[in-house]
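Let me begin by presenting the structure, written as structure tokens, before commenting on it.
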Amino acid sequence: MGDPQHDPVASTDTPDEAALVAAKAKDEGIVVCDACPVLCRIRPEKTGACDRYGNIGGKLARLDPFVVAQRTIDQNGRMVPFVGADWNGELVSGAGTFVTGIGAGTTYPDYKPAPFIVSSAVDGVDMVTVVTEGIFSYCGVKVKIDTDRYVGPEQAPVRVKGEQVGHVTTAEYGSQMLALGGVRHLTGGSKKEGVVACDTMLTLCNKGAVEMQVEGGAALTVQAGKPPIINGAGEERMRVGCGSATIGIFARQWQGHADEVIVVDDHITGVLTEHQAGRFLDLRPAGIRVRGRKSTPGRYFQVANPGTGWGGTDISDPLSIIEKIDPKTAWPGLRLLMVSTTGEHAAWFVLDGALKPEPAEMPEAIEAVVARIGENCEPALSTVIFMAGAGGSLRAGVTENPVKLTRSVRSALTRVTSGGAPVYVWPGGGITYMVDVSTMPDNSFGYVPTPAIVGPIEFTMKRATYAALGGHVDCIRPLDSLRAVERVKTISWPPANPWPLDPPIGNAP
Ligand code: SF4
């Protein structure tokens with residue numbers, strides 16, 4: 001975040017003093033930015049505290065490009081993204097155009113109409129897209145880290161530059177999860193905590209890398225769409241499944257080549273001959289009992305402590321999880337495979353005459369299945385999901401009767417997108433949405449020093465719907481009028497995203 005180059009407005013000004021200050025400011029060529037509650041007084045040719053607005057030639061100007069996405073029609077009549085060098089980035093007539101909220105600007109207070117309310121015709125139907133850059137004090141980032149390595153205890157604080165910016169939350173299948181940002185870290189702690197939390201979210205949402213430390217856990221480097229780095233080591237593989245699932249997937253491929261297979265996993269360690277998959281295949285019980293708590297046959301919890309060793313446990317010697325070998329059931333020469341859920345760790349043993357596992361050279365057939373476990377692991381990535389509430393005063397920039405917008409979104413008559421990317425709107429009250437930042441154009445996000453995150457949001461609906469929900473219809477402008485907006489920048493529509501106007505949006509009842 002940049003250094004402030006503004007003078008805050010003194011809150012103690014009386015109306016007379018405020019008028020004097022305003023007159024003096026005018027004399028000095030200062031402009032007051034009213035796009036957020038900070039109300040920066042910006043000197044000539046300087047920028048405000050967030051660097052989004054500046055005083056250009058004595059006028060307040062939004063400094064970043066206003067992003068419009070376009071796609072065109074190929075020879076088969078299909079809409080496709082622009083490609084090649086024959087497109088100069090200007091608005092193209094007849095192309096599919098979608099106006100994003102990126103760089104659109106913000107209105108404050110919210111009762112002013114949104115900065116751009118744009119009409120367009122789609123297959124002969126009049127549509128309206130209302131765009132703004134929402135200022136979100138209520139927002140956070142969920143980070144999914146594909147790894148079974150232990151990053152830290154659930155609820156452990158996550159720190160950046162020594163400040164708590166979030167915590168470890170419930171792990172998901174094959175992934176560790178972090179919940180970062182949120183209103184409590186933005187507003188409820190020290191000023192530094194709020195600034196660092198905001199900066200962390202901003203960097204992650206703009207697809208940058210952030211180094212963080214989990215209290216009592218790992219040092220992490222996280223970046224959207226990139227492999228996570230855990231304690232300095234880049235993670236490569238997302239596990240194929242838990243230990244039990246790995247047994248289920250590969251049981252038949254081990255049959256005849258191994259007498260027992262133990263898949264080491266921090267959550268659910270699998271033991272082939274006890275497991276339902278082994279029983280189904282009529283495998284002979286091997287009599288090898290692992291440590292931990294038995295959940296169901298062949299599935300064990302807590303065989304070791306969590307860590308960064310085999311299968312997300314703290315072990316480096318797989319034999320350490322064997323509690324006992326039953327001499328009535330096991331036999332000399334028994335072939336035992338121990339493997340992790342990624343195939344990254346694997347060891348082959350044969351029981352000697354005293355039923356002690358002795359390391360041995362792994363047979364080719366077993367090596368092939370271990371390799372297949374690795375082959376079935378997806379690349380480990382970090383995923384950054386921005387989550388925010390657009391169900392508050394932001395709605396007043398869209399309509400005079402905000403609850404009608406909420407109801408319209410709920411009934412799918414109004415489509416919400418963020419930077420043109422699809423969002424998931426949570427059920428229940430409000431307009432609480434989530435968006436995968438990797439589907440959005442680069443640098444879609446900004447901040448204001450209140451602190452809060454600034455994110456693009458678009459509401460698209462039929463013109464009749466917009467009128468019915470009390471929209472600011474007198475502020476609707478045609479799409480073509482954007483040609484007069486100097487800072488419009490067109491980008492090629494990201495082909496992986498659905499076109500925001502497909503499928504067609506329904507009619508108001
Ligand atoms: S922080 Fe940015 S948006 Fe807010 S008043 Fe200052 S320049 Fe304007």
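All ligand and atom numbering here is 1-based and tracks the order in the structure. Counting begins at 1 with the first residue of the sequence.
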Just wondering, is there an N, O or S atom on Cys40 that's nearer than 2.8 Å to atom 8 (Fe) of ligand 1?
-> no
Under a 4.0 Å heavy-atom limit, does Asp51 contact ligand 1 with its side chain, its backbone, both, or neither?
->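 None of Asp51 does.
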Note: Pro37, heavy atoms under 4.0 Å from ligand 1, region reported as neither
Against heavy atoms of [X], which atoms of ligand 1 measure under 4.0 Å?
X	value
Arg52	3 (S)
Cys50	1 (S), 2 (Fe), 3 (S), 7 (S)
Pro449	1 (S)
Leu39	5 (S)

Is there any side chain to side chain donor-acceptor pair (under 3.5 Å) pair reaching into residues 377-401, and which pairs are they, with sequence neighbours excluded?
-> Asp110-Ser393, Arg395-Thr406
From the list Ser175, Pro227, Pro379, side-chain contact (heavy atoms from CB on, under 4.5 Å) partner of Met238 resolves to Ser175
Between Val437 and Lys207, what is the shortest heavy-atom contact and its length?
-> O-CE, 3.2 Å
Do you see a donor-acceptor pair shorter than 3.5 Å between the side chains of Glu193 and His185?
-> yes
Take Glu236 and Thr342 through the test side-chain contact (heavy atoms from CB on, under 4.5 Å) and record every step on the way to the result.
-> CA-CA 10 Å; Glu236 291 177 4; Thr342 57; over 6 Å; no
Ignoring hydrogens and angles, write down the donor-acceptor pairs under 3.5 Å from the side chains of residues 426-436, residues two or more places apart or on other chains.
residue: Asp436; atom: OD1; partner: Ser438; partner atom: N; Å: 3.0
residue: Asp436; atom: OD1; partner: Ser438; partner atom: OG; Å: 2.8
residue: Asp436; atom: OD2; partner: Ser438; partner atom: OG; Å: 3.1

Between atom 4 (Fe) of ligand 1 and Cys36, is there an N, O or S atom separated by less than 2.8 Å?
->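 Here the distance criterion (N, O or S atom, under 2.8 Å) is met by Cys36, so yes.
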